[in-house]
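Written below as structure tokens is the structure these notes are about.
Starting from 1, each residue takes its place in the sequence as its number. For clarity, every value in this text was computed on a predicted model and none was experimentally measured. Values below: all heavy atoms of this structure, side chains included; hydrogens, waters and symmetry mates excluded.
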Amino acid sequence: MAHQHQHNGRHAGGHRLETVIDMARQQQPEKAAGRFGFAGGLEFTSLTYTVVKKQRGAGGEWEKKDVDLLHEITGCAPKGCVTAVMGPSGAGKSTFLDALAGRIASLDGRVALDGVEMSPSLIKRSSAYVMQDDRLFPMLTVYETLMFAADFRLGSSVSASDKKLRVDNLIEQLGLTSSRNTYIGDEGTRGVSGGERRRVSIGVDIIHGPALLFLDEPTSGLDSTSAHSVIEKVHDIACAGSTVVLTIHQPSSRILLLLDHLVILARGQLMYSGGPKEVTAHLARMGRRVPKGENSIEHLLDVIQEYEQSEFGVKALAEFCLTGLKPPKLTGAEGGLVSTVSSIAQTPTMGSLGGEDFDHSMRSQHSRSPWSGGVQLTPSRRPKHKDQHAGRSQHNHRSYTPEIVMGTPTPLSSACTVNEDDYLTPTHRAAGPNATGAPGVGINALGHRGKFANPYAGEVWVLMRRNFTNIRRTPELFLSRLMVLTVMGFLMATMFTKPKDDPQGITNRLSFFIFTVCVFFFSSNDAVPAFIQERFIFIRETSHNAYRASAYVVAGLVTYLPFLLLQAAAYAGIVWFALKLHGQFLYFLVMLYASLLSTNSFVVFISSVVPNFILGYAAVIAFTALFFLFCGYFLSSHSIPLAWKWMNTISTMKYPYEGLLMNEFDGDRLFATEPVRLTGDDILRQLGISTAEDRKWRMVLYLLGWAVFYRVLFYLVLRFASKNKRK
């Protein structure tokens with residue numbers, strides 16, 4: 001048993017910490033945490049994530065059962081190292097990454113960075129999360145994408161020249177110089193390659209120099225060369241002092257050389273935590289020898305699969321990883337795959353395994369973590385697992401005597417202990433010329449950062465600039481609406497030219513106004529895919545507080561105001577003079593403009609609550625039909641049954657229809673003499689529309705009120721329903 005001494009010290013940020021020094025490990029040049037040694041980083045203790053699942057019971061009825069997607073995972077991710085989370089499919093890799101990144105609300109356990117316990121909000125401010133899918137604006141160049149990211153994440157406190165310098169350096173360090181001015185591209189626009197796109201996604205999230213970097217399957221969908229290039233850049237980021245944690249499924253041999261620390265999971269339980277070089281020794285302590293020429297990590301995954309298919313399950317391996325309790329042997333009949341080694345060398349000694357490379361202390365799962373500051377860990381549920389194992393052994397008439405393998409590093413042993421000096425900036429691991437991290441950005445600086453880097457007005461301005469850039473690069477949406485309204489304006493002008501003052505003329509005017517309202521409502525339907533395409537970009541950017549959801553809503557509204565005004569003015573200018581309409585031209589224009597605003601707000605709200613644009617179109621068309629039915633054209637407001645009055649109230653077609661009719665027919669102007677004398681006020685009264693002078697301007701206010709209402713609903717959906725966070 002190694003001798004240990006405890007003392008108190010202060011790291012660079014002045015936090016009082018209790019450190020544990022393993023005297024036996026001070027003599028070795030390398031530590032189990034990674035080939036460069038352990039210098040602080042991320043510690044996680046007893047992480048458990050439980051969900052409730054429904055399943056059929058013995059009687060066939062549905063029963064609720066608690067299932068642990070993560071169970072009592074304890075370990076660390078050393079600072080300045082690349083920690084890879086590995087395991088078979090369904091092991092819980094992405095769930096574990098979400099737990100570390102603060103994306104699980106009901107997580108039990110403790111996460112600390114450099115000894116300071118981290119709340120989910122603090123993790124957001126200090127970390128970056130690169131999703132598996134590259135969600136970027138296709139019509140922005142690499143430089144523009146990174147510059148907008150710098151504006152969002154660095155804030156107004158950093159000058160524009162410093163931001164440009166930082167982006168230029170980042171482009172060079174990520175190997176993107178040749179594609180600096182190339183569009184990101186998508187299926188319809190040729191852009192950067194897959195590997196370059198992935199590096200741009202990483203650059204977007206590390207522009208502010210995060211202390212923590214999480215990457216979910218960064219090599220997914222890439223060829224071997226591109227995947228190696230991406231991990232190589234990630235390795236450079238770690239060299240600069242960041243703590244990097246990534247999930248990876250099947251790394252190549254070249255990528256394995258770039259991984260400093262491994263966390264291997266299976267069924268949500270910890271199978272191994274340590275350096276890649278120590279996997280062979282870990283297997284040897286279990287009594288498993290790595291066949292000649294086979295990769296030790298792949299062999300460990302094969303062993304995990306053997307136990308998973310056996311009667312013991314992976315719980316036996318999790319027990320061994322946590323406490324050193326040796327797992328039972330698998331015979332050829334049980335495992336059916338690979339035979340075990342002889343029992344002569346199943347319990348290695350210090351000499352047989354090179355004891356200098358391991359911590360020879362043994363601690364139970366109730367030991368104190370070196371970063372816990374004296375906090376007692378939550379007791380685990382290990383006893384019930386032992387009972388299960390015992391029960392299985394008894395049931396199968398097998399004799400299995402539990403054996404504690406001495407010298408087994410556990411997640412709570414000195415493989416994750418640190419020296420007081422480890423909290424200082426490491427000098428033994430110099431950052432290379434391509435280091436892309438942010439030296440000096442760590443836990444000590446987090447308390448001085450606000451939740452958002454920019455003031456509210458600054459966020460709106462940056463979002464507006466990006467929106468205008470996207471509109472300029474993709475003018476199809478705006479031009480298609482303008483073209484539709486212009487063409488329809490010419491059709492209306494030629495079909496209803498100078499309607500006469502007779503009963504047929506009155507009918508023509510009514511038909512023109514209801515068709516105008518319908519055209520303006522349907523012209524905004526093509527905006528359904530707009531937010532659906534941006535949704536994942538919004539979730540990625542706001543998950544780490546790049547900007548506020550309300551700033552996104554305001555910027556989107558302000559961006560489209562001039563374009564909607566131009567569309568309304570183009571239509572109004574064509575039909576007003578050709579048809580010689582009556583009333584005020586200004587009111588006619590304002591009502592058309594307000595109609596576009598309310599319709600656009602309604603369509604954007606619908607697009608935020610549907611999962612795809614197909615359902616979005618279906619929902620918009622259905623509501624359009626309902627609004628059209630209850631707008632007052634087929635049945636006047638007074639003739640609609642009382643039970644359906646509310647539909648007339650929420651129909652956003654009602655207000656422009658009645659308002660335009662008031663503007664046209666208001667007053668004593670004579671519109672027909674045969675067979676009866678009809679003035680404008682007579683027509684409005686027959687239609688059940690008020691003739692009060694101020695009533696028509698109220699219609700504009702009502703319509704603007706609905707526009708604001710739908711924008712508020714849109715904001716609420718973004719604020720509370722569009723989060724990349726598990727319950």
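There is no side-chain donor-acceptor pair under 3.5 Å between R198 and S229. A side-chain donor-acceptor contact under 3.5 Å links D216 and T247. A donor atom on one side chain and an acceptor atom on the other are not found under 3.5 Å apart for T182 and E196. Using a 3.5 Å distance cut-off with no hydrogens or angles, the side chains of Y552 and E534 do pair a donor with an acceptor.
Using a 30° and 60° split on the angle between ring planes, F588 and W576 fall in the tilted class, from 30° to 60°.
Between L485 atom CG and S480 atom OG the span is 9.5 Å, to the nearest 0.5 Å. If you take CG on L215 and OH on Y129, they are separated by 9.0 Å, rounding to the nearest 0.5 Å. Note: R197 CZ to L222 CG = 10.5 Å, rounded to the nearest 0.5 Å. Between atom CG of residue N600 and atom CZ of residue R711 there is a gap of 5.0 Å, rounded to the nearest 0.5 Å. For the atom pair I237 CD1 and I202 CD1, the distance stands at 6.0 Å (nearest 0.5 Å). Residue F513 holds its CZ atom at 13.5 Å from CD of E658, rounded to the nearest 0.5 Å.
By the 6.0 Å contact criterion, CZ on F613 is open, its count of non-hydrogen atoms from other residues, nucleotides or ligands being 12 or less. Atom CZ of F585 has more than 12 neighbouring heavy atoms from other residues, nucleotides or ligands inside a 6.0 Å radius.
At a threshold of 4.5 Å between non-hydrogen side-chain atoms, the residues S523 and L596 count as touching. The closest side-chain heavy-atom distance from Y547 to V462 is not below 4.5 Å. Using a 4.5 Å cut-off on side-chain heavy atoms (C-beta onward), T559 and F468 make contact. Taking the side chain as every heavy atom from C-beta outward, V554 and Y715 never approach each other to under 4.5 Å. The side-chain heavy atoms of M147 and R465, taken from C-beta on, include no pair separated by under 4.5 Å. H208 is not listed as a side-chain neighbour of F152, based on a closest heavy-atom distance of 4.5 Å or more. The side-chain heavy atoms of T83 and L246, taken from C-beta on, include no pair separated by under 4.5 Å. Considering only heavy atoms from C-beta on, R153 comes within 4.5 Å of D205 through its side chain.
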Go through it in stages, so that I can follow the logic: the residues are F531 and F714, the test is ring-ring contact (aromatic ring centres under 6.0 Å, His included), and I'd like the CA-CA distance, side-chain angles, deciding distance and then a yes or no. CA-CA 11 Å; F531 176 73; F714 177 51; 5.2 Å; yes
What do the steps show when you test R473 against Y183 for side chain to side chain contact (heavy atoms under 4.5 Å, CB included), and what is the final call? CA-CA 10 Å; R473 300 273 172 78; Y183 290 138; 3.4 Å; yes
Step by step, work out the side chain to side chain donor-acceptor pair (under 3.5 Å) result for S607 and R535. CA-CA 9 Å; S607 67; R535 175 184 293 156; over 6 Å; no
With side chain to side chain contact (heavy atoms under 4.5 Å, CB included) as the test, would you mind laying out the steps for F602 and F521 before giving the verdict? CA-CA 10 Å; F602 172 74; F521 202 102; 4.1 Å; yes
Between M488 and T516, is a side chain to side chain contact (heavy atoms under 4.5 Å, CB included) present by the stated rule, with each step listed? CA-CA 9 Å; M488 296 309 299; T516 295; over 6 Å; no
Could you go through the side chain to side chain contact (heavy atoms under 4.5 Å, CB included) check for C631 and I514 one step at a time? CA-CA 9 Å; C631 71; I514 190 60; 3.7 Å; yes
Please test E541 against R466 for salt bridge (Lys or Arg N to Asp or Glu O under 4.0 Å), starting from the C-alpha separation and ending with a verdict. CA-CA 14 Å; E541 292 177 335; R466 188 173 69 177; 2.6 Å; yes
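Separation of the Y571 and F520 ring centroids falls under the 6.0 Å cut-off. For F605 and F623, the gap between ring centers reaches or exceeds 6.0 Å.
Contact record, I606 with G616: CG2-O, 4.0 Å, taken as the closest heavy-atom pair. Scanning all heavy atoms of the two residues, the minimum distance from I532 to P611 falls at CG2-O, 4.5 Å. Contact record, L482 with A570: CD1-CB, 3.9 Å, taken as the closest heavy-atom pair. S598 approaches L703 most closely through the heavy-atom pair OG-CD1, 3.5 Å.
Because its NZ or CZ atom is not both nearer than 6.0 Å to the ring centre of Y456 and within 45° of the ring axis, R548 does not count as a cation-pi partner of that residue.
Side chain of T145 to main chain of T141: a donor-acceptor pair is present (N/O by atom type, distance under 3.5 Å, no hydrogens or angles).
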